[in-house]
Peer 1: 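Before I ask anything, here is the structure I am working with.
We're numbering straight along the sequence, starting at 1.
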Amino acid sequence: MEAKVPFDRGRGFLRSFRPVEETLRTTAQISEEPGGGRITWWLMPLLITLFFTIVLNVWVFYAELSTGGANLAGGNPPVPVLLMMSLLVPFRRFLRLTERQLLVTYLLSTFALIPTMYGGARAFFPSLTTPFYYASLENRLKEFWALIPEWWLPKDPAIVRGFFQGGEERVPWSDWMKPLFRWSLFFLALWALATGLSFLLTPSWLVRERLNFPLAQLPLQMVTGVNGRPFFSSRLIWWGLSVGMIPTGLMILLSLFREVHRAWDWSPYLQDRPWNALRPILVYPLVEGVGFGFLVQQEVLFSIWFFYFLLKMMALVGVGFFGWQIPQIMHVGDSFPFPHSQSVGGYLALAVLLVTQWYRQKGPNFDRWVVALVVFSSLFIFLWFLRSGMSVVIALTYLSVLSLFAITYARVRAEAGMPYTWVYPYGAPRDFLLYSFGITGLLQFGGVRSLVLLSAFFWLARHYYLFLNAAYSADAVKLSSEVDLSFGSVTLSSLLSVLIGVWAAFVSHLIAYYKRGANFLEGVPGTGDYRTYLAALDYRLLSKNLDKPEGPDLWRIGATLYGGIVTLIVFALRRIVATFPLHPLGFPVAYAYSHHCPYWFPTFFVWSLKGLLMRYGGIGIFRRWIPFFLGLTLGHYIIAGIVWAGILSPLFKGRWPYPFRLAFE
């Protein structure tokens, strides 16, 4: 028997994605809201999003791109968007904004923000330009530069030097405009693929499995209220806000008098063998992990820290006691027991399971329009790869791996609710091809050009533009179902916001590059910001790998297979044994950040705290304290993302006694 929809409010998004004619009719009905007609209803969220995006990019220009040291455009949900919602909600009646309009504004602003984050334009531009600027007699980057397509960017040497060295009066817009127009279509295709995959799979997660989408709860409760009261009238919200500001607030105050590290590193206590094999072990006070973790199932929380503990035990036995030191091949991956490769196996296995499960539930009755969105966006990206010069086999494999990762990443957002960006093995979707085929195999399939293009598109795997769009699209399904928004209305409005966000990010970043230079971006002393460093490093590693091509890495292939098998076994045991304590999501998430996972401690802490509350207070005390933990997260985001990253850090850059680096993980 099919499960009922787990909410009483709107079900429009989950009634299935309707044909275009019915979608248009539904959109017209939804538009007839109090406070204005159809045009006004949609115009207000779009105008707010436009204003927000412009202001945010100016703010990021001065707070991040110019000075560095802090992360304003970060957090999950995004800190600037939560600030905007905190300002809009109290004045909703004055602005005549309905609940639907507020949630639509949240979604549009979120999609518009993603290109401005670390994994958007700031990761994209250096991938195009570094082969020219970092070419030398010691590497083959000059050869790589010749293989970068002419239609990707202006290849005038003076224009590229200005990009890195800055000091230019103006951006050479006439040279950049055509490439930027082409790349904006590519960014749109990435968003469409991510959105299509999430819209295809997420409704069944919401209806059949009743996932609660922890990160979507904060904007939802801000708009609809908590326990029948307005969000900011709850005492528990304000208590949570106050407590959430304490950890980071103390760090900021202490940094006035001495150097402060955000994490407690246990490595100094693990110097002797075999215990040194446990290094690194880092304890991060990630308040957001505690706040949102309170809404996550205990099995998921337990599995994440348990599997990380298991990883350390494998390292202790293999490296500490037996002294296994597996050499790196092709300069790819981490050390034994290869957590990134294990996480890859888990990510791929889960994606296959999720797609298989979805197809068995839906059969041939899936929506044609969502499938068309996935097919056409995939085809566009695939043809883009081919037009750039990548071989068919490599292009198809890379796109498939990226798509599978996006599916699992969306599932992590929906069920585990991890408020961190790096909950996937960053870089591994591309590295998987390197260690599976080897440089020799990839040369046979696509030659040097395909390998260069894999480095040029490495930003898709190392950074998170595609995956984060998939995650927020999954949240969009949850939020849209609550207020009866249709597929057509959400998709069309989100498309406009993505266009706004992409072009705003292009403009703000190119102005920063040509005014200050990539070598000095984020306040670095002429060495290039971190995204530029990563892009240059990857091309240099490719140069070394081509000097001495190697075959497949059997150790990391084995670790990937092991990760996939463990995930499948845990999945099967949960189907067989109803009380089985481990969850398959826990395995790939625990290993995603490699040996130095920053979120094991907050996960362990909230698992313990929630367990005690549930044991001695029952479900009633758990539900009562939800507003406190939502406020806890919001308080941390305000002090860390707005007060420090947005105001104090850029204002006192170079004059703060002890610089305090804070970035959202």
Side-chain angles (χ1 to χ4, degrees), residues 3-4 6-8 76 205-206 208-218 220-222 224-229 231 234-244 246-247 283-310 411-420 423 478 570-571 573-587 589-590 597 599-636:
K4 295 182 180 179
F7 39 76
D8 297 322
N76 289 284
W205 302 345
L206 189 58
R208 295 176 180 273
E209 301 181 57
R210 303 189 178 214
L211 303 186
N212 70 331
F213 297 77
L215 267 65
Q217 295 301 321
L218 181 54
L220 181 61
Q221 300 294 336
M222 290 177 74
T224 62
V226 291
N227 300 327
R229 302 176 61 188
F231 184 81
S234 169
R235 287 186 178 181
L236 284 174
I237 291 292
W238 285 103
W239 277 108
L241 276 165
S242 303
V243 175
I246 292 175
V283 176
Y284 276 86
L286 300 177
V287 179
E288 65 269 40
V290 177
F292 283 118
F294 193 73
L295 305 177
V296 179
Q297 295 179 22
Q298 287 291 83
E299 294 89 347
V300 177
L301 296 172
F302 171 74
S303 299
I304 291 171
W305 71 259
F306 172 81
F307 278 119
Y308 185 68
F309 172 80
L310 185 62
R411 178 68 180 212
V412 171
R413 170 62 62 87
E415 188 165 10
M418 303 295 284
Y420 320 109
V423 288
K478 167 64 176 176
V570 173
F571 180 85
L573 287 175
R574 279 186 65 83
R575 298 288 294 269
I576 297 170
V577 183
T579 58
F580 189 69
L582 295 177
H583 194 285
L585 272 181
F587 181 85
V589 170
C597 175
Y599 41 78
W600 73 269
F601 176 74
T603 303
F604 170 77
F605 179 83
V606 72
W607 171 81
S608 305
L609 178 63
K610 184 180 174 184
L612 290 172
L613 285 175
M614 294 286 287
R615 181 178 180 86
Y616 295 106
I619 191 69
I621 196 73
F622 163 73
R623 289 174 176 169
R624 179 183 174 187
W625 280 91
I626 287 177
F628 173 84
F629 284 88
L630 291 176
L632 189 80
T633 301
L634 187 59
H636 166 68

Peer 1: Drop me the distance from Y308's OH to F604's CZ, to the nearest 0.5 angstrom.
Peer 2: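 CZ of F604 is found 14.0 Å from OH of Y308.
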Peer 1: Give me the atom names and distance for the closest heavy-atom approach of V243 to P247.
Peer 2: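 Heavy atoms only, the tightest pair is O-CD, 3.5 Å.
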Peer 1: How would you list, by chain and number, every residue that makes a side chain to side chain contact (heavy atoms under 4.5 Å, CB included) with P627, sequence neighbours excluded?
Peer 2: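 Partners of P627 by the side chain to side chain contact (heavy atoms under 4.5 Å, CB included) criterion, ordered by chain and then number, come out as V226, N227, S234, L236, I237.
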Peer 1: At what distance, to the nearest 0.5 angstrom, does OG of S608 lie from CG of L613?
Peer 2: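 Atom-to-atom, S608:OG and L613:CG are 11.0 Å apart.
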Peer 1: Can you name the residues that form a side chain to side chain contact (heavy atoms under 4.5 Å, CB included) with P602, not counting sequence neighbours?
Peer 2: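 So P602 forms a side chain to side chain contact (heavy atoms under 4.5 Å, CB included) with L286, V290, Y420, Y599.
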Peer 1: Within the distance-only criterion (no hydrogens, no angle test), does the side chain of K610 pair as donor or acceptor with the backbone N or O of V296 below 3.5 angstrom?
Peer 2: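 A pair under 3.5 Å: yes.
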Peer 1: Residues two or more places apart in sequence or in another chain: which of them pass side chain to side chain contact (heavy atoms under 4.5 Å, CB included) with R615?
Peer 2: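 Here no residue qualifies.
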Peer 1: Please round to the nearest 0.5 Å and tell me the distance separating atom CZ of F292 and atom CG of L630.
Peer 2: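 The CZ atom of F292 sits 7.0 Å away from the CG atom of L630.
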Peer 1: Any sub-3.5 Å donor-acceptor pair from N76's side-chain atoms to L215's backbone N or O?
Peer 2: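 Here the side-chain-to-backbone pair does not exist.
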Peer 1: Please list all pairs meeting side chain to side chain donor-acceptor pair (under 3.5 Å) that have one or both residues in residues 288-305, counting only residues at least two apart or in different chains.
Peer 2: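 Output for this query lists E288-H636.
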Peer 1: Nearest 0.5 angstrom please: F605 CZ to L301 CG, how far?
Peer 2: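 With rounding to 0.5 Å, CZ (F605) is 12.5 Å from CG (L301).
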Peer 1: Looking at side-chain heavy atoms only, is the closest gap between T603 and M418 below 4.5 Å?
Peer 2: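 Of all side-chain heavy-atom pairs linking M418 with T603, at least one is under 4.5 Å.
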Peer 1: Evaluate side chain to side chain contact (heavy atoms under 4.5 Å, CB included) for F622 paired with I626, printing each intermediate quantity in order.
Peer 2: CA-CA 7 Å; F622 163 73; I626 287 177; 4.1 Å; yes
Peer 1: Does CZ in F580 sit with more than 12 non-hydrogen atoms of other residues, nucleotides or ligands closer than 6.0 Å?
Peer 2: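 Yes, the 6.0 Å shell around CZ holds more than 12 heavy atoms from other groups.
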Peer 1: So do F629 and L609 actually touch side chain to side chain, heavy atoms under 4.5 Å?
Peer 2: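 In contact.
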Peer 1: Using side chain to side chain contact (heavy atoms under 4.5 Å, CB included), reason through V606 and F294 one step at a time and then give a plain yes or no.
Peer 2: CA-CA 6 Å; V606 72; F294 193 73; 4.3 Å; yes
Peer 1: Step through it carefully: locate the ring centre of W239, locate the ring centre of F628, and say whether they are under 6.0 Å apart.
Peer 2: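 Not under 6.0 Å, so no.
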Peer 1: For the residue pair F307 and F587, categorise the inter-ring angle as parallel (less than 30°), tilted (30 to 60°) or perpendicular (more than 60°).
Peer 2: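 Answer is perpendicular, since the angle exceeds 60°.
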Peer 1: Quick one: pull up CD in E415 and NE2 in H583 and give me the separation to the nearest 0.5 Å.
Peer 2: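 Here the interatomic distance stands at 3.5 Å.
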Peer 1: Answer whether the closest heavy-atom distance between the side chains of L573 and L582 falls below 4.5 Å.
Peer 2: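 No, too far: nothing below the 4.5 Å cut-off.
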Peer 1: Which residues pass the side chain to side chain contact (heavy atoms under 4.5 Å, CB included) test with I246, sequence neighbours left out?
Peer 2: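 If we apply the side chain to side chain contact (heavy atoms under 4.5 Å, CB included) test to I246, skipping adjacent residues, the hits are L250.
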Peer 1: Should I304 and W600 count as side-chain neighbours, where that means a heavy-atom distance under 4.5 Å?
Peer 2: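 Heavy-atom side-chain distance check fails, nothing below 4.5 Å.
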Peer 1: Sequence neighbours left out, what passes ring-ring contact (aromatic ring centres under 6.0 Å, His included) with F213? Give chain and number order.
Peer 2: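 ring-ring contact (aromatic ring centres under 6.0 Å, His included) list for F213, sorted by chain: empty.
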Peer 1: Evaluate L612 against Y616 for side chain to side chain contact (heavy atoms under 4.5 Å, CB included), listing each step before the verdict.
Peer 2: CA-CA 6 Å; L612 290 172; Y616 295 106; 4.0 Å; yes
